[in-house]
Amino acid sequence: MGIIVQKFGGTSVADPQKIHNVANAVIKEKENGNDVVVVVSAMGHTTDHLIKLAKEVTNTPDSREMDMLLSTGEQVSIALLAMAIQAHGHKAVSMNGQQVGIVTECIHSKARIVDIKTEKLQKKLQEGNIIVVAGFQGVTPDGEITTLGRGGSDTSAVAIAAALKADRCDIYTDVEGVYATDPRIVPNIQKTDVISYEEMLELASLGANVLHPRSVETAKQFNVPLRVRSSFKLDNLGTLIIGVENMEIYKPVAGVAADSSQVRILLSNLPDIPGTAAKLFGALAKNNISVDMIIQSLANNGTNSIAFTVSEDDLEDAIATLEAEKEITQSAQISTDKDIAKVSIVGAGMVDRPGIAADMFRSLADKGINIKMISTSEIKISCLVDKDKANDSIKALCKEFGLETTEMAVVKGDLPNV
Ligand code: ADP
Ligand code: ASP
Ligand code: MG
């Protein structure tokens with residue numbers, strides 16, 4: 001007998017019938033003799049609807065109130081799932097983030113979990129309950145409700161699994177596992193049976209939204225055995241995510257991802273003196289604005305240009321932050337480009353294979369796709385392209401690196417009766 005943490009995403013709990021099907025899947029795990037904690041997301045597109053609602057009230061909703069609003073979505077689904085499990089004759093109790101004691105930093109809309117209290121969870125499990133926990137939310141030490149960022153229920157599940165030293169964390173979703181790219185873009189894409197934490201972390205961070213990046217980071221840190229599997233084919237084992245040291249790497253590229261939620265900021269006519277970049281990026285960091293690709297170039301007239309990318313959500317704050325650094329930016333020009341996407345290839349097997357970057361650039365060039373910025377790290381290469389070229393880039397790269405297959409992935413499937 002072990003402890004299993006399961007997580008079901010929004011599409012898996014989108015209506016009462018699906019909630020009953022999830023209840024059956026959870027009960028099956030319990031009847032296998034395991035203690036079960038199940039983490040759920042808000043039903044269907046609830047979170048999107050709540051965001052839209054807030055925007056209809058004001059264009060600039062307060063981030064504390066946004067967290068207050070968005071956390072209600074998960075509270076609906078935990079209560080309904082607990083009721084469904086009870087209706088099937090099993091003991092179940094729902095708990096929100098505060099009741100569990102999922103303690104986070106006080107950064108609204110993108111808080112990180114700092115601690116999970118396990119006492120109440122252990123007690124409820126010992127009493128024979130299946131525990132249904134609200135994903136995506138936590139509470140600060142001062143009692144403020146926070147959320148973890150879009151897709152954050154995956155991180156709630158992995159963090160609970162780590163805290164409880166669970167035997168496994170299974171992320172059930174609407175596809176059969178992790179594919180080499182989003183199967184909605186390339187339906188004849190290979191499914192991955194095993195992928196390393198390192199590769200999955202890069203793919204998730206670079207836009208493969210099948211897993212929330214911090215869920216992978218947490219799984220890696222605490223060595224949580226993690227699976228992504230289908231909520232409509234429960235016996236299918238999906239994709240296992242493990243440490244790279246346990247893997248045989250034979251392919252240079254494991255996956256391709258794209259992120260079109262970034263914007264490029266260009267600062268030109270900056271003073272070419274020590275400390276310019278340090279001050280600007282220091283100010284952005286202080287305001288919790290993550291910066292991604294950065295290019296600095298020196299102009300002929302002895303001034304500097306710096307181009308970098310930030311998340312679209314952070315654009316207004318970033319511009320305000322830069323403008324506040326008057327000493328540096330008062331004579332600079334600031335321009336922005338929202339029409340961009342970052343396309344990346346990821347693979348632990350590309351280490352020490354210098355030809356991979358050239359192959360990537362050539363395959364984009366063959367399709368007439370212009371590269372605006374490039375960044376690399378040990379196991380990834382990213383290119384910034386025009387937004388409307390993102391899908392063509394992904395298709396070209398999947399072909400280039402042999403990631404297609406003859407079978408079609410089943411996408412956006414429904415949860416059948418189990
Ligand atoms: P959930 O609601 O279960 O959390 P998400 O929509 O967050 O589901 O994540 C599942 C979706 O992620 C899939 O429907 C798929 O279209 C998309 N996706 C993007 N990249 C990948 C990938 N590399 N492998 C599998 N799915 C991917
Ligand atoms: N409900 C949240 C979202 O839609 C969290 C999640 O689903 O993981 O982003
Ligand atoms: Mg998700």
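By convention here, the first residue in the shown sequence is residue 1. For ligands, and for the atoms within them, numbers begin at 1 and follow the listed sequence.
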Against ligand 2, does [X] come closer than 4.0 Å with any heavy atom?
X	answer
Gly10	no
Gly152	yes
Glu74	yes

Could you work out, for [atom], the closest of [options] by heavy-atom distance?
atom	options	result
atom 14 (O) of ligand 1	Val256, Asp174, Thr239	Asp174
atom 8 (O) of ligand 1	Val346, Val178, Thr173	Thr173
atom 6 (C) of ligand 2	Ser153, Gly73, Ala157	Ser153

Please identify which atoms of ligand 1 are closer than 4.0 Å to at least one heavy atom of [X].
X	answer
Gly10	2 (O)
Gly177	24 (N), 25 (C)
Arg184	16 (O), 17 (C)
Pro183	25 (C), 26 (N), 27 (C)
Ala208	20 (N)

Original post:
At what distance is the nearest protein heavy atom to atom 7 (O) of ligand 2, and which residue and atom is it?
Top reply: Ser41 OG, 3.0 Å
Subject >> atom 3 (C) of ligand 2 [closest protein heavy-atom partner, distance rounded to 0.1 Å] >> reply: Arg150 NE, 3.3 Å
Does a salt bridge link [X] with [Y], judged by any charged N lying under 4.0 Å from a carboxylate O?
X	Y	value
Asp235	Lys28	yes
Asp154	Lys7	yes
Glu127	Lys123	yes
Glu144	Arg64	yes
Lys389	Asp386	no
Glu29	Arg168	yes
Lys233	Glu176	yes
Glu217	Arg112	yes
Glu199	Lys380	no

Original post:
For Asp154 and ligand 1, does the shortest N/O to N/O distance drop below 3.5 Å?
Top reply: no
**OP:** Examine Val175 against ligand 1 and note whether any of their N/O atoms are separated by less than 3.5 Å.
**Re:** no
Based purely on interatomic distance, does [X] place a nitrogen or oxygen under 3.5 Å from a nitrogen or oxygen of ligand 2?
X	answer
Lys7	no
Asp154	no
Gly151	yes

**OP:** Answer with side chain, backbone, both or neither: which part of Lys7 has a heavy atom less than 4.0 angstrom from an atom of ligand 1?
**Re:** side chain
Subject >> Region of Asn209 engaging ligand 1 - heavy atom pairs below 4.0 Å >> reply: both
Original post:
Strictly under 4.0 Å, does any heavy atom of His212 approach an atom of ligand 1?
Top reply: no
Original post:
Going by heavy atoms, is Gly151 under 4.0 Å from ligand 1?
Top reply: no
Subject >> Spacing of OG belonging to Ser63 relative to NZ belonging to Lys110, to within rounding of 0.5 Å >> reply: 10.0 Å
Original post:
Checking Gln137 side chain against Gly97 main chain: does a donor-acceptor pair fall under 3.5 Å?
Top reply: yes
Original post:
More than 12 non-hydrogen atoms from neighbouring residues, nucleotides or ligands closer than 6.0 Å to NZ on Lys91, yes or no?
Top reply: yes
Original post:
Are Phe232 and Tyr172 close enough that their ring centers fall under 6.0 Å?
Top reply: no
